[in-house]
Amino acid sequence: MLSCREVCEQAQDFADGRLGPLARARIRLHLLMCRNCTSFVDQTRQTGKLIRSTLSRQQGSKVSPELMAAFRRKTGDDATD
Amino acid sequence: MDETDQLIVRLKRGDEAAFAAIYGIHNDAMVRLAHAITANRASAEEIAQDSWISIIKGIDGFEGRASLRNWIFRITANKARSRARRDGRSRPLNAAAHAGESLGDRFTADGSWAEPPALWDEITPERILAGRQAWQQVLAIIDDLPPMQQAILSLIEGGRMPAAEIAALLDTSAGNVRVQLHRARETIRDRIDRDLSHERKMKKDP
């Protein structure tokens, strides 16, 4: 039987679906009997979601006017070639 | 033709919306990558800007043999490396694993819980942190991580880049990329857990 510590060390791989069937089964068995580790695995899953939604918010940054001007200049150059 | 191919064609045609889109998707990760290589946040912003100039200049010659994403990040990594060399900075070694070692003090010697985790299932962090905007709190935690972990997190979780590609950019092994990712996520989970426990205590006896 896995210890709580062993379960938590594998929690990310478990949540990511990176474990083999046997390792997965051993963790599931432990989780059936352990409320704390169930909370921990749940926290790990929620953390992943929070990280992804936070980083996708970061993906909206705007191009500076200088950079857009450089992009426009480049296109303009091509047009006059 | 997939979405990226179309984006490349539009970029080559000078489509400003396409440029704004690709900038929005990658710029944050580029800054974090440059920061990880140079250990300097201010020059990281400059390197990202400079990379975009090179991307604008080079897009016509880009033939799509590598993915656009890979090409963009290789330009950034190369610029960051020459900048680090010029500034006489060698890349910082992975700061000893102070982050992510938080699991250590939560268990007794036999591996059972000494300090059990707070329950997140009754009240989700999104709900608890809603008033303070969960993402701002998570962003502050990410910005506190060692730069190498920030870059890896941003490339994997934000950009879905495979560990092997990131390893090549950062001149390290895919195994190390996974270890750093693991530490970054665990640090964030632990900080949220502590923040939530603290907030609950304040609610109970303010």
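Residue numbering restarts at 1 for every chain, and letters A, B, ... go by the order of the sequence lines.
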**Fill in**
Bottom line for A:T44: the part with an atom under 4.5 Å from chain B's heavy atoms is both

**Message:** Checking the side chain of A:Q12 only, and the main-chain atoms of B:H182 only, is there a donor and an acceptor separated by less than 3.5 Å?
**Reply:** yes

**Asked** With sequence neighbours excluded, what pairs up with B:W113 under the ring pair (Phe, Tyr, Trp, His ring centres under 6.0 Å) test?
**Response** A:F40, B:F107

**Item:** Which atoms of B:I156 approach chain A - backbone, side chain, both or neither, heavy atom under 4.5 Å
**Value:** neither

**Message:** Looking at every heavy atom in both A:L55 and B:S154, which two are closest together, and how far apart are they?
**Reply:** CD1-CA, 3.9 Å

**Prompt:** So do A:R52 and B:R160 actually touch side chain to side chain, heavy atoms under 4.5 Å?
**Reply:** yes

**Message:** If I measure from the heavy atoms of chain B, does A:S61 come under 4.5 Å with its side chain, its backbone, both, or neither?
**Reply:** both

**Message:** Less than 4.5 Å apart, side chain to side chain, heavy atoms only: is that true for B:P117 and A:N36?
**Reply:** yes

**Request:** Grab the two heavy atoms, one from B:I56 and one from A:L67, that are nearest each other, plus how far apart they are.
**Result:** CD1-O, 4.0 Å

**Message:** Please check this pair: side chain of A:Q59 against backbone of B:G158, looking for a donor-acceptor N/O pair closer than 3.5 Å.
**Reply:** yes

**Asked** Side chain, backbone, both or neither: which part of B:R13 has a non-hydrogen atom closer than 4.5 Å to chain A?
**Response** backbone

**Item:** Partners passing side chain to side chain donor-acceptor pair (under 3.5 Å) against A:R28 (at least two apart in sequence or in another chain)
**Value:** none

**Asked** Going by distance alone, is a donor N or O of one side chain under 3.5 Å from an acceptor N or O of the other, for A:Q43 and B:D193?
**Response** yes

**Test salt bridge (Lys or Arg N to Asp or Glu O under 4.0 Å) applied to A:R57 and B:D28, step by step** = CA-CA 10 Å; A:R57 260 176 180 278; B:D28 182 62; over 6 Å; no

**Request:** Measure distances from B:D50 to the heavy atoms of chain A and classify the residue's part below 4.5 Å as side chain, backbone, both or neither.
**Result:** neither

**Message:** What part of B:L139 gets within 4.5 angstrom of chain A, counting heavy atoms only: side chain, backbone, both, or neither?
**Reply:** both

